[in-house]
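Order of the sequence lines fixes the chain letters, A, B, ..., with proteins taken first and strands second; residue numbering starts at 1 for each chain.
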Amino acid sequence: MIRAVLLRLSHMLLVLLGIIFLSFVMMDFAPGDFLSQMALNPQISPRVIASLKEQYGLGLPFFTQFVHWMRALLHGNLGYSFSYHVPVSDLIAQRVPMTLLLTLTAVIIAWGAALPLAVFGARREGGLFDRSLLSFSYLSISVPSFFLALLGLLLAEKTGWFPIGGARSALASGAGSGERLLDLLRHLVLPSLTLALGSFGVLYRLMRSSVLEVLSQPFMTAARGLGLRERVIFWRYLFRNAVNPLVTLFGMELGGLLSGAAFTEMIFGWPGMGRLMLHAVMTRDLYLVMGGVLMGAVLLLLGNLLADMMLYLLDPRVRERT
Amino acid sequence: MGLRLILIVFLLLLPSCSRGGAGGTDRVFTLVPRPSPLNGRLTFDILSDPKTFNPALAQETTSTQVLGYLFRGLTRVSPYDGQIKPDLAEGWKIDSSGMRVTFTLEKGVRWSDGTPLTSRDVVFTFNRVYYNPAVAAAVRDILTVDGKPFTVRAIDDRTVIFETAKPFAPLLEELGVEILPEHLLSKAVDAGRFNTTWSVRTPPSGIVGTGPFRLKRYVPGQYLLLVRNPLYTPPPGLRRPIPADLPYLDRVILRIIPNQNSELLRFLAGKSDLIGVSPSQVPVLSDAAESRAFRLLVRGPSQTETFLTFNENLKAPIPSYKIAWFRSRRFRQAIAYAIDRKALINVIYNGLGAPIPGPVSPANKTFFDPGVFRYHHDPDRARTLLAKDGFVWKRGRLYDATGHRVTILLMTNTESPERISMAQMIQAMLDPLGIRIRVVPLQFNMLSTMVLSSHQWEMLLFGLTGTLDPHGNATVWRSSGFLHLWNPGEKRPSTPWEAQVDRLFDQGVGTFDVARRKEIYAQWQEIATREVPMVDLVSPDAITAVRKTLGGIHPTPLGGVIPHISLVTQKARLVIR
């Protein structure tokens with residue numbers, strides 16, 4: 001196992017290098033740079049733009065820029081943001097906790113609801129409960145998340161039950177810590193439900209069909225025939241086999257933790273990474289974009305590694321092969 | 001089963017959409033008068049985070065808007081008529097040569113940390129910050145005359161002299177740039193750290209200005225809290241409707257809401273006090289105004305405008321016969337006559353906009369020439385002009401004298417959906433003239449490269465940020481200007497009228513007498529509308545929705561609905577049941 005993990009880690013390093021290099025190339029190929037927005041401003045002359053270009057190091061040849069950035073990266077320095085004039089790592093560190101709070105809540109809700117409901121539904125396949133949940137999951141897959149988010153905002157505006165966007169009431173920071181937490185949770189409800197609903201449908205359908213498949217396996221009949229207790233059948237044979245395909249999906253989901261909530265963040269005004277990155281890409285804030293790409297890539301690779309390790313532990317067949 | 005369920009869910013949602021959009025009527029908004037209009041709080045939403053708290057480095061509007069509450073310059077612009085008024089200065093004297101202006105600072109002004117403001121701060125701000133090549137200050141250009149900085153020196157604690165190489169009329173307006181505290185920033189400048197000083201990571205108490213408010217708290221991505229600056233000294237001549245210390249408000253809260261739909265919903269729900277409204281949102285809002293206790297204030301044409309321009313650059317890599325069309329005045333006038341500006345306003349701005357006749361917006365009360373020629377929609381006139389120029393029609397298609405079919409690429413930027421629909425309407429308006437337009441929407445950076453570097457474009461639909469002083473147009477209208485879009489950076493003017501415009505701009509910048517300047521720039525507007533190198537089109541109305549609880553609100557052509565932030569009051573409390 002340890003050897004396999006080390007091997008995977010070294011592969012991952014290569015993949016990461018590839019991702020970084022390609023992203024850097026793409027940022028360079030796209031026309032213009034951070035200063036291009038100023039080019040059509042009558043109040044800023046080409047002379048000033050040229051001097052800013054020099055200050056930001058944007059005039060240097062592509063490889064020099066890349067090597068400089070990589071060298072800084074090896075020293076743990078992600079560079080400076082052009083628009084904020086602060087280290088990229090500061091900006092990212094500021095936003096990551098909020099995004100994780102949102103996405104992890106959503107993951108817990110979605111997985112926590114989808115798995116048990118799917119098992120329950122599959123066991124009574126074709127029943128009213130199963131059919132209505134199946135229809136619901138169709139709906140949740142087909143409604144785009146931004147639309148759902150807008151509906152959520154309408155709900156908040158109409159009923160006044162939930163705050164309309166943001167992550168905190170402006171004056172709550174003066175209140176006690178318990179009140180502050182409650183305020184944050186109230187703001188969290190709509191965006192996290194929106195996110196969770198999107199992945200609920202996929203999870204439900206996948207888990208349901210997986211459970212159905214396992215239920216039809218001869219070993220299930222054999223286990224029943226041997227007179228094993230229902231609880232043992234469920235945990236050792238049914239769940240463990242059925243959850244197998246979902247573990248890989250879980251790895252992917254980990255990769256999307258930082259970037260997967262961008263739409264929802266924009267509409268609900270949630271102060272997370274998605275908004276920061278979107279703005280960075282739009283203004284061509286080179287090092288901020290690269291910092292975000294790096295974080296996303298690392299998380300995706302780690303997620304996949306984690307998923308594989310979980311499979312290794314869960315599935316003896318995988319263990320056998322390695 | 002599945003389909004039926006989906007239908008049911010949608011039917012459940014539908015009524016909430018239609019009513020919710022117009023502001024549901026189920027909740028009641030009432031106004032309860034406050035015992036005193038003072039010490040209130042103002043809340044509104046901004047679309048993105050400020051990028052810096054350093055006024056010298058701020059480049060985009062969110063940062064400059066926030067900093068406008070915290071910092072002040074020597075002068076300010078009256079939002080009513082565009083006149084230049086004193087702010088940190090008590091007044092100024094211009095000597096007879098027009099090259100030396102002496103400013104006297106207002107007595108008793110202190111920084112928000114208690115240190116007195118002196119002329120040393122002014123000298124520091126210009127000589128060590130704005131003119132410092134190591135500082136990434138984009139405003140440096142507007143503080144120069146022909147590329148030469150002003151000479152700034154202090155005579156005593158309250159007197160500063162500005163000297164320019166030539167008389168420079170826009171000087172007074174340009175000196176509205178923020179003055180910075182020497183005692184807090186000189187170390188950073190010395191150490192070469194200025195570009196990272198006063199960033200968004202700086203603790204709020206460290207940001208010290210002379211404005212009516214101080215920054216109290218900034219939570220990234222969420223909100224900014226500004227509180228009154230007790231040491232604030234208002235500018236001379238500001239009339240106070242209530243005899244109390246300024247600012248009247250206690251705090252200003254700016255929520256960062258990155259999405260316009262959410263901003264609108266928040267305003268409708270009573271979470272914010274005012275919101276800028278686009279003409280397309282007016283029908284939704286006007287229905288809700290009464291029940292949700294707000295007013296819609298239409299302030300007339302805004303400073304943003306859109307124009308068409310043509311590539312007249314003889315060296316441009318496009319067919320030379322096309323350049324010949326574009327260089328013909330009659331051809332350009334024909335296009336100007338062919339465009340139905342009313343239709344553009346009706347379709348794109350819901351009827352809430354105004355045609356812009358020339359290079360100066362009617363919003364600019366000081367310099368707009370009311371007698372300027374206006375192109376009305378006249379397709380017959382356009383045909384006559386084209387025929388006089390040797391163009392002919394064959395089966396409804398237009399050909400030039402050398403037999404080339406008139407087809408033109410019209411470029412615009414993809415970031416503005418309004419501009420793209422405008423381009424498509426122009427395409428349809430030129431079609432009856434036999435002119436075939438192909439609309440090419442390009443990403444901004446791509447477009448700016450094609451227009452400014454490769455010159456590979458034919459016709460362009462675009463807008464530029466206007467300035468109050470017409471001299472701000474020099475980079476566009478002077479034949480040597482880098483944004484002289486139709487023929488950039490000419491060594492010497494390629495037409496007699498361009499030479500005359502150059503002369504007018506030289507005269508205008510050297511004259512301080514406003515009446516004389518008006519005459520000069522009226523001549524320029526006359527030439528601009530006769531030669532139409534840029535066909536000016538339309539401008540949307542500036543509209544703001546304001547909660548009825550607010551006092552000190554007056555719609556102004558130049559400064560939004562708040563003539564001076566320190567005079568805003570909160571007259572009533574909003575109660576929602």
**Study point:** Option that, when pairs with chain B are counted at under 4.5 Å, heavy atom only, ranks first among A/T283, A/V86, A/L276, A/L134
**Key:** A/V86
Exercise for review: Measure distances from B/A58 to the heavy atoms of chain A and classify the residue's part below 4.5 Å as side chain, backbone, both or neither.
Suggested key: neither
Revision key, fill the gap. Highest number of heavy-atom pairs under 4.5 Å with chain A among B/I576, B/L483, B/T475, B/V476 belongs to B/L483
Review point. Are A/R47 and A/E54 within salt-bridge range, i.e. N to O under 4.0 Å?
Key: no
Exercise for review: Side chain from CB out, backbone as N, CA, C, O: work out which of these in A/M282 comes under 4.5 Å of a heavy atom of chain B, or both, or neither.
Suggested key: neither
Study note, to complete from the structure: Answer key: most heavy-atom pairs under 4.5 Å with chain B among A/D90, A/L155, A/N41 is A/D90
**Study point:** Donor-acceptor pair between B/T62 and B/S48 side chains, under 3.5 angstrom
**Key:** yes
Point to revise | Heavy-atom proximity to chain A below 4.5 Å, by part of B/R140 | key: side chain
**Study point:** From CA spacing to verdict: side chain to side chain contact (heavy atoms under 4.5 Å, CB included), A/R275, A/W270
**Key:** CA-CA 8 Å; A/R275 261 166 72 185; A/W270 190 263; 5.5 Å; no
Review point. Just by distance, with hydrogens left out, do B/E60 and B/S63 show a side-chain donor and acceptor under 3.5 Å apart?
Key: yes
Practice item. Scan side-chain atoms only and decide if A/T99 and A/E265 contain a donor-acceptor pair under the 3.5 Å cut-off. Key: yes
**Study point:** B/Q260 portion near chain A, given a 4.5 angstrom heavy-atom threshold
**Key:** neither
Check your understanding: Of the backbone (N, CA, C, O) and the side chain (C-beta and beyond), which part of B/N261 lies under 4.5 Å from a heavy atom of chain A, both, or neither?
Key -> side chain
Review point. Can A/Y84 and B/R201 be counted as having a side-chain donor-acceptor contact under 3.5 angstrom?
Key: no
Exercise for review: Could you tell me which of B/G481, B/A136, B/G472, B/S199 has the largest number of non-hydrogen atom pairs under 4.5 Å with chain A?
Suggested key: B/A136
Exercise for review: Taking B/D146 for its side chain and B/K148 for its backbone only, find out whether a donor-acceptor pair lies under 3.5 Å.
Suggested key: no
Review point. Can you say whether A/S83 sits under 4.5 Å from chain B via the side chain, the backbone, both, or neither, judging by heavy atoms?
Key: both
Check your understanding: Is the NZ or CZ atom of A/R186 both under 6.0 Å from the centre of the six-membered ring of A/F162 and within 45° of that ring's axis?
Key -> no
Exercise for review: Take the angle between the ring planes of A/Y56 and A/F34 and call it parallel below 30°, perpendicular above 60°, tilted in between.
Suggested key: perpendicular
**Study point:** Largest heavy-atom contact set with chain A, pairs under 4.5 Å, which of B/I257, B/N473, B/T196
**Key:** B/T196
Check your understanding: What residue, out of B/E415, B/Q443, B/Q59, has the most heavy-atom pairs lying under 4.5 Å from chain A?
Key -> B/Q59
Review point. Given that the side chain runs from C-beta out, which part of A/L40 has a heavy atom under 4.5 Å from chain B: side chain, backbone, both or neither?
Key: both
Practice item. Against chain A, work out which of B/L57, B/D45, B/T449 has the most heavy-atom pairs shorter than 4.5 Å and name it. Key: B/L57
Practice item. Measure B/L485 against the heavy atoms of chain A and call it side chain, backbone, both or neither at under 4.5 Å. Key: side chain
Review point. Using the ring of each side chain (for Trp, its six-membered ring), is A/Y287 parallel, tilted or perpendicular to A/W69, with breaks at 30° and 60°?
Key: parallel
